[in-house]
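Okay, so here's the structure we're looking at.
Keep in mind it's a predicted model, so treat the numbers as computed, not measured. Atoms within a ligand are numbered from 1 in the order they appear, just like the ligands themselves. What you see below is based on every heavy atom in this structure, not just the backbone, and it leaves out hydrogens, waters and symmetry mates.
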Amino acid sequence: MKKIQMVDLNGQYQDIKEQVNNSLANILETSAFINGSDVKAFQKELEDYLGVKHVIPCGNGTDALQIAMMGLGLKPGDEVITADFTFAATVEVIALLQLTPVLVDVEPDTFNIDVAAIERAITKKTKAIVPVHLFGQCANMDAILELAEKHNLFVIEDNAQAIGATHTFKNGEKQKAGTMGHVGSTSFFPSKNLGCYGDGGAIFTNDDELAHTLRGIVNHGMYVRYHHDVVGVNSRLDTIQAAVLRAKLPKLNTYCAARRDAARKYNNAFQGETAIVTPKTVNGCSGICETCDCHVFHQYTLKITNGKRDALVAHLAEKGIPCGVYYPIPLHRQKAYLDDRYKEEDFPVTNQLVKEVISLPMHTELDDEQINFITSTVIDFVNG
Ligand SMILES: *Cc1c(COP(=O)(O)O)cnc(C)c1O
């Protein structure tokens with residue numbers, strides 16, 4: 001059996017090697033490292049793929065979130081509501097801009113932000129909601145957009161984990177993750193579903209004026225060379241990274257399908273196991289059918305409900321099976337984000353999830369032998 005990896009980037013590289021190597025050689029020869037033609041071309045190709053008017057490439061997914069918030073003109077003291085159960089980058093940029101992060105609980109089955117909890121947290125100071133499409137599945141965007149409209153709030157989608165996922169609205173309309181709110185962000189970190197070979201990120205919006213503002217902010221607040229109209233940052237997608245992403249974007253749907261295929265096999269193997277809860281897909285479908293793209297499984301995350309999660313992590317390590325606990329500590333209990341307004345009873349779901357979740361190896365190169373070994377090892381241990 002091939003050695004099992006949490007993420008396998010080499011398999012994809014072997015498949016696109018010639019194109020990537022040729023593009024990179026060309027960039028090295030022409031020295032067009034910054035704002036080379038691949039950056040513009042990738043921007044256009046991603047706009048077409050997502051069906052969004054504007055893609056603004058930038059340096060990484062954390063910058064993308066920060067720049068999105070800067071572009072919306074949020075001011076110190078404005079409250080921004082986001083999920084307690086996410087990667088720290090989401091809340092970090094809120095705090096960095098001296099906005100006030102307001103963390104709320106998530107749903108027990110999808111791990112995504114709980115709309116009722118958002119509603120309870122809204123005050124006169126609330127200016128924005130940041131739903132995170134966690135592990136590859138969209139948050140409840142019907143309800144979030146409705147709530148935002150009612151209270152006149154911005155919606156900033158943190159789409160670092162769900163690029164390529166499609167949300168089906170109640171009226172049957174479909175839209176790509178990251179393009180439904182006022183602005184969306186993503187990350188091209190190597191292990192993300194569309195990963196480059198270093199850091200990279202992008203911001204999405206359908207708003208022409210906001211797009212213009214954002215394009216200036218990523219470039220030192222310049223709209224005309226050496227005229228700095230607003231405070232900006234330096235955050236660019238390297239030409240080399242754009243070239244890698246151009247080779248991968250046409251394959252993104254195939255990559256997503258391979259992940260779903262692995263998820264389907266995992267789900268089938270764990271069926272009927274009472275202490276193992278498989279990830280639930282909402283959005284009106286099982287999420288693992290052949291054609292569906294409502295879940296792109298950035299992570300395949302189980303809940304182990306009989307108290308054996310930590311022991312399972314240790315056991316899998318012994319068996320040579322990598323795994324992850326995303327996330328082991330709720331953000332509201334992280335030193336940097338403590339706030340008197342939080343009470344432990346506000347976060348029953350997150351407090352439970354941090355004890356139960358475990359993410360299994362998930363990438364496009366998993367084979368049946370590996371999946372069978374992983375699932376039988378997990379089942380034997382959890383029932384043992
Ligand atoms: C990875 C990630 C980010 C940050 O992306 P970087 O490119 O690493 O800066 C932000 N939010 C979420 C939910 C992520 O998973």
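Note on ligand 1: K192 sits in its first shell, one or more heavy atoms being nearer than 4.0 Å.
Comment: R246 engages E45 in a salt bridge, judged by a side-chain N to carboxylate O separation of less than 4.0 angstrom.
The distance from ligand 1 to the heavy atoms of N60 drops below 4.0 Å at these ligand atoms: 7 (O), 9 (O). Which parts of ligand 1 touch V132 is read off a 4.0 Å heavy-atom cut-off, strictly below it: atoms 13 (C).
In this structure, F87 has its ring center at least 6.0 angstrom away from the ring center of F189. Aromatic ring centres of F111 and F135: separated by under 6.0 Å.
Of the candidates S191, A160, C196, A160 brings a heavy atom nearest to atom 12 (C) of ligand 1.
Atom CE of M141 and atom OG1 of T168 lie 13.0 Å apart (nearest 0.5 Å). Distance CE/M70 to CG/L214: 10.0 Å, rounded to 0.5 Å.
Contacts between D63 and ligand 1 below 4.0 angstrom, taking non-hydrogen atoms only, are absent altogether. Under 4.0 Å from ligand 1, the heavy atoms of D158 that appear belong solely to its side chain. Counting heavy atoms under 4.0 Å from ligand 1, residue T62 touches it through both backbone and side chain.
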Dump the intermediate steps for side chain to side chain contact (heavy atoms under 4.5 Å, CB included) on Q66 and T62, then the final yes or no. CA-CA 6 Å; Q66 179 185 327; T62 309; 5.8 Å; no

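Of the N or O atoms in A89, none lie within a sub-3.5 Å distance of an N or O in ligand 1. Considering backbone and side-chain atoms together, T86 places no N or O closer than 3.5 Å to any N or O of ligand 1.
Remark: K308 qualifies as a cation-pi partner of F381 under the 6.0 Å distance and 45° angle criteria applied to the six-membered ring.
Distance from atom 15 (O) of ligand 1 to its nearest protein heavy atom, with residue and atom name: Q161 NE2, 2.8 Å.
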